[in-house]
Q: 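Below is one structure. I have some questions about it.
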There are 2 protein chains.
Amino acid sequence: MADDTPLRADAQRNRQRLLAAAEEVFVERGADASMEDVAKRAGVGIGTLYRRFPTREALLAAAYSERFLRLAADSQARSAALTPLAALRAYLHDLVVQTTVYRGLATSLGAMLQSGTPGCDATSKEGRRLLRSAQTAGAVRRDVTFDDLVVVATATSLATEHARSPKPRTEHLIGLFLDGICPRGGREVEAAPRTRGH
Amino acid sequence: MADDTPLRADAQRNRQRLLAAAEEVFVERGADASMEDVAKRAGVGIGTLYRRFPTREALLAAAYSERFLRLAADSQARSAALTPLAALRAYLHDLVVQTTVYRGLATSLGAMLQSGTPGCDATSKEGRRLLRSAQTAGAVRRDVTFDDLVVVATATSLATEHARSPKPRTEHLIGLFLDGICPRGGREVEAAPRTRGH
DNA sequence: ACCTGAACACCGTTCAAGT
DNA sequence: ACCTGAACACCGTTCAAGT
């Protein structure tokens, strides 16, 4: 499956250029931007793009990997200082925000998280960790799966893409969904450190 | 805005043929089927299709109108015999199922409900009615909007489209979201008629 | 081994010609 | 008023020729 044959120097350079170009173009024109635009921006032939990234999904996932690596690292860094539920909420928030940086990406979030990219694996793993932790703490129902969380993030991103004021709408929807995830017994006690929440 | 000029007889006939053809083609090939396929199936020129339905969204919404009319009527017919919350749940379920009959439709559900088609208006109106009723009964939080419900339906449809066993997943997700919508105080008493729930 | 870009296929959309 | 379909534009993808 994994082809670890190292690339020739020029091929490696082209790969990097393509990724940088893809990042730019996707941010500007959305996830359905023209592949030729990407190749042009990278200064390579269209054939080279297809040689490195056989499908648009592959290119998207690769271009996204860095963002997702950062997301996972950020989440890990802060999670110890937060309630399991608060950490999960922050994670979901970040996931939604990141999914919004390329327009039209929301629909492919699920597929992307399964692409095997280092970044995707990292944020997927981190998400499962947070979910498990929140469930162990009794803050989240046991019948909730990570896929459910992805659905929630997808829906929120989708709604947010077309909204006039995305920020509060994101908070509102995540709040709605998380409350739904809490067990009936009542909320977990928020005993963890707080920097004076409003 | 509304152009009520009656169509010439042949134009009217072509319109009907286009709608019937669109319904078939969208069911078979999904919401992103080729417009030319639709025209071919209807036995008219491609130009005629564009004359009647200037955008794909317009054609989709028109083809969908009947389905949505039925959905709204069904919901009204049964809602009196159900708890407000149960009626809302059944409505959401139907909405998800209907949104799944054309593959790739989930993403446009929000836009479609604003298309002004009789069917869209009817199911939108019905949804708002059920939501209001459930909120009055204290079964749903006051800060939930109809748009929130559309987001939920979109997300569930999206997840369901790609799922191996759509039925239970749909139930699971709707259950999850509805629980989230319930106020903390506890659930509304389910005193309404029941045909021996499981 | 890799790169290039012309060539092919396909689709959406328009519009001049026809009834 | 309406219909038709050729024509145009655009994009994804392949592959023969070249380094």
Side-chain angles (χ1 to χ4, degrees), chain A residues 2-22 24-63 102-105 107-108 111-112 115, chain B residues 2-22 24-63 102-105 107-108 111-112 115:
Chain A
D3 186 358
D4 283 0
T5 326
L7 292 176
R8 222 168 62 180
D10 55 342
Q12 179 60 33
R13 216 186 26 143
N14 280 338
R15 208 190 105 94
Q16 294 301 344
R17 284 190 185 176
L18 279 165
L19 284 177
E24 284 180 30
V25 173
F26 286 146
V27 166
E28 285 173 23
R29 310 241 214 249
D32 58 346
S34 153
M35 295 303 248
E36 211 168 298
D37 279 1
V38 174
K40 216 166 280 172
R41 179 89 54 122
V44 306
I46 182 71
T48 301
L49 190 161
Y50 277 98
R51 168 171 266 261
R52 290 300 150 231
F53 307 99
T55 70
R56 159 178 257 112
E57 293 301 326
L59 179 59
L60 271 173
Y102 300 169
R103 240 169 324 132
L105 191 68
T107 332
S108 349
M112 210 147 81
S115 63
Chain B
D3 186 357
D4 285 359
T5 327
L7 293 177
R8 221 168 62 178
D10 55 342
Q12 179 61 33
R13 217 185 26 143
N14 281 339
R15 209 190 104 94
Q16 293 302 343
R17 284 189 184 175
L18 279 165
L19 285 177
E24 284 180 29
V25 172
F26 286 147
V27 166
E28 285 171 23
R29 309 241 213 248
D32 58 346
S34 154
M35 295 302 246
E36 210 167 297
D37 278 1
V38 174
K40 216 166 281 173
R41 179 87 56 121
V44 306
I46 183 70
T48 302
L49 190 162
Y50 277 98
R51 169 171 267 261
R52 292 299 151 232
F53 307 100
T55 70
R56 159 179 256 109
E57 293 300 326
L59 178 59
L60 270 172
Y102 301 170
R103 236 170 327 133
L105 191 68
T107 332
S108 350
M112 209 148 80
S115 63

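Side-chain atoms are counted along with the backbone in the values below, which use heavy atoms only and exclude waters and symmetry mates. Because the structure is a prediction, the values reported are computed rather than measured. The sequence lines fix the lettering, A, B, ..., with proteins before strands; numbering per chain opens at 1.
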Q: Between B:Arg17 (side chain only) and B:Ala39 (backbone N and O only), is there a donor and an acceptor less than 3.5 Å apart?
A: no
Q: Report yes if the side chains of B:Asn14 and B:Arg51 come closer than 4.5 Å at any heavy-atom pair, otherwise no.
A: no
Q: Enumerate, in order of first residue number, the stems that involve DNA chain D, defined as 3 or more consecutive Watson-Crick or G-U wobble pairs with both distances under 3.5 Å.
A: C:4-8 with D:12-16, C:12-16 with D:4-8
Q: Under a 3.5 Å distance rule, please check whether B:Arg15 uses its side chain to pair with a backbone N or O of B:Leu49 as donor and acceptor.
A: no
Q: May I ask you to decide if A:Ala20's main-chain N or O and A:Arg41's side chain share a donor-acceptor pair within less than 3.5 Å?
A: no
Q: Heavy atoms under 4.0 Å is the rule here; annotate nucleotides 8-19 of chain D 5' to 3' with B where the base is hit, S where only the sugar-phosphate is, and - elsewhere.
A: ----SBB-----
Q: Would you indicate which nucleotide in D:dC2, D:dT4, C:dT4 comes nearest to any side-chain atom of A:Thr48?
A: C:dT4
Q: With a 4.5 Å limit on heavy-atom distance, are the side chains of A:Leu60 and A:Tyr102 in contact?
A: yes
Q: So does B:Ala111 get a backbone contact from the side chain of B:Ser108, meaning a donor-acceptor N/O pair under 3.5 Å?
A: no
Q: State whether A:Asn14 places a side-chain N or O below 4.0 Å from either non-bridging phosphate oxygen (OP1 or OP2) of C:dC3.
A: yes
Q: With the side chain counted from C-beta on, respond yes when B:Phe53 and B:Met35 share a heavy-atom pair under 4.5 Å apart, and no when they do not.
A: no
Q: The test is side chain to side chain contact (heavy atoms under 4.5 Å, CB included); show your working for B:Glu28 and B:Asp37 and say whether it passes.
A: CA-CA 11 Å; B:Glu28 285 171 23; B:Asp37 278 1; over 6 Å; no
Q: Could you check whether B:Arg52 gets within reach of a base, just the sugar-phosphate, or nothing at all, counting any heavy atom under 4.0 Å?
A: sugar-phosphate
Q: Whole angstroms only, please: what is the CG-C1' distance between A:Leu49 and C:dC2?
A: 14 Å
Q: Using only side-chain N and O atoms of A:Arg51, determine if any of them is under 4.0 Å from OP1 or OP2 of C:dA1.
A: no
Q: Using atom CZ of A:Arg15 as one end and atom C1' of C:dC3 as the other, report the distance to the nearest whole Å.
A: 17 Å
